[in-house]
Protein chains: 2
Amino acid sequence: MTVTLADVAARARVSPATVSRVLNGNYPVAASTRERVLRAVDELDYVLNGPASSLAAATSDLVGVLVNDIADPFFGIMASAAQSAIGEGGSGRGGGEKLAVVCNTGGSPERELTYLTLLQRQRAAAVVLMGGSLEDPEHLAATAAKLAKLAEAGTRVVLCGRPPVTGDANTAALVFDNRTGARRLTEHLLELGHRRIGYAAGPADRTTTRHRLEGHRAALAAAGVEEGPTVHGAYDRQAGHAATAELLARDPDLTAVVAANDTVALGVCAALRERGLDIPGDVSVAGFDDLPFSIDAVPSLTTVHLPLHEAGVRAGRLAMGTEEPRTGGLERVPAELVVRGSTGRPRG
Amino acid sequence: MTVTLADVAARARVSPATVSRVLNGNYPVAASTRERVLRAVDELDYVLNGPASSLAAATSDLVGVLVNDIADPFFGIMASAAQSAIGEGGSGRGGGEKLAVVCNTGGSPERELTYLTLLQRQRAAAVVLMGGSLEDPEHLAATAAKLAKLAEAGTRVVLCGRPPVTGDANTAALVFDNRTGARRLTEHLLELGHRRIGYAAGPADRTTTRHRLEGHRAALAAAGVEEGPTVHGAYDRQAGHAATAELLARDPDLTAVVAANDTVALGVCAALRERGLDIPGDVSVAGFDDLPFSIDAVPSLTTVHLPLHEAGVRAGRLAMGTEEPRTGGLERVPAELVVRGSTGRPRG
DNA sequence: GCTCCGATAGAAAGCGCTTTCCATCACGGA
DNA sequence: TCCGTGATGGAAAGCGCTTTCTATCGGAGC
């Protein structure tokens, strides 16, 4: 029923071996023969059987991209960039067409491991993990073990936005400089004169949350300013909205709120407005990530720019093996403060 | 080097056949034997070889989800929903774990076909195409042919947000009622008293663009109001920003602008504000899709709500075969007008 | 007590490809 | 003229799993 390589071989009057060689192009085949084979492929509308090919060759052209939340543009932008870098690469087998697939873990460690196992099953060529991870030691160990096994089996492992868990070769890591970015942001607020700053943080126990919080605290400590209230929540507007109520309850005299990211900042702004507070007149608000919409917020959001697209491309190339990782495998991606309209001097 | 099923069999002192049966659970195996096998699997840390399994069984547990732009929350939300529906389904082979993978076509017909071929190679269990498509007849035909081939080979095909191209069984389609949604939206504007309405449309030649435009025009025609200027552009803020300048140039007395979607609307708002125009005092603005951020826009966006999450889940279930498609395979998803602060009565 | 049957488990034949040997063949050099 | 040699193409052995087809065994039925 389905056309197989043998059918093509018969039609082209060559052996299956030759057809395979034409298709994979890693062995000399006379031009005339090649053409005959290609014509047969065309005429029969032959499609390679991926599983069979992968089985025989012991690798597949699948590249897995794991993200915490596919509905969040933060990941969408990176994944998109990685996918296009992976798609256009292509010196590998099977004509170099790699199938970049993105898998949504929802931030759940279990799903992350499940996907990694599934990709291991498929003998994926590479795996890219995007976004911070949970800091639970048990999970960290399980993930590290799984990644080590993948790397050992020849799957390239790339981390993008999370610290490396294993010093393995075959593993590269890109980390955003969240600490410095957060620090600059809070310094900016301090320079404006803010002394009571609330923090609507991301989920507890996540690397990203901790790093940003550390940067924030470092800035406060350096300036000798007392830390304001901190509330943890998810990375969505709802969380920002809820956090704001809590923060204001804990310190009604806040003059600024730093949000875990831009989306959360949107929720913070909404909550402040509902209470009749002006931004930045009464309260300044800052985000993080510099997602596309943050420039269109009203007022436009002061935030920390992360080169998501560039990082995604780089991650994709590392996964393809097109580019080599830095020595040590760890690469720091700079974060840059972007001052816009949502932050200003506090009243008085 | 890698542990194979035979190794597990040897360790458990059973035949490979028995191990396979335990793993796939579709054949009676004595409890004691099963346990012995599972212990061996655990002890050896065995991971099934996906390609081998797929080859022998002639299907894989891959489900492809194709989206036009993964960085756009519109697709992110649907894909996320579909992926979770697919992940939790699971009566299939291999323990029912399906690997839902999302592929980013970037709206390019070529990439779409490439991905479809790649998925066909992998003998994917199902394919979900999300979002509108190009209306170029040549592309339409090529896609239809490819989808027919996939369906014929036993791959379930689900369209979500695009009209069906083939009346095949094995194929289901979910379509958003863009026409009605757009019509209601324009009717709303007309009721408010607007008579000069600009339209910042999506890319030309796309089904979604056309349907929304048709709804808009239908409302105008029914009210006997002359159509205002229309500008086509991409689905991003930049396009909305640029379109606004053009629309205003063509008719400086516009009192309302309808955008292709919420993201575009954000760009429209930004451009209007830059010109010192008040929203909705001077110009009303409306979006489409009701993405999460639109409620936080200032003023909050009047838009058309699309049940993206629900549609994604439904698409996922159709892909899994958990739910049956309606007779005829076509299902209409309702779109609902949501009036917020960005639209109001025109001055005077 | 013997046959028949349900419940289990093993043997073995592939699934469709890749790849390692080999076999050819046409030349150029000695 | 004969042989070494590079360029091609074929034969065949798997890759690791699934799945028929059989074989075995302990009762139940007569």
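Just so you know, these numbers use all the heavy atoms, side chains as well, and skip hydrogens, waters and symmetry mates. Chain naming here is simple, since letters A, B, ... match the order of the sequence lines and numbering starts at 1 in each.
In this structure the side chain of Leu116(B) reaches within 4.5 angstrom of the side chain of Leu147(B), judged on heavy atoms.
In this structure, CG of Asn24(A) is placed 11 Å from P of dC17(C), rounded to the nearest angstrom. Taking atom CG on Asp7(A) and atom C1' on dC17(C), their separation rounds to 13 Å, with Å as the unit.
Proximity of a side-chain donor or acceptor of Gln83(A) to a complementary backbone N or O of Asn104(B) within less than 3.5 Å is detected.
Side-chain N/O atoms of Ser15(A) and Thr18(A) include a donor and acceptor closer than 3.5 Å.
Listed by chain and number, the residues in a salt bridge (Lys or Arg N to Asp or Glu O under 4.0 Å) with Asp42(A) amount to none (sequence neighbours excluded). Remark: Glu35(A) pairs with no residue by the side chain to side chain donor-acceptor pair (under 3.5 Å) rule, at least two apart or across chains.
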B/S/- contact track for nucleotides 7-16 of chain D, protein heavy atom under 4.0 Å = -BBBB--BBB
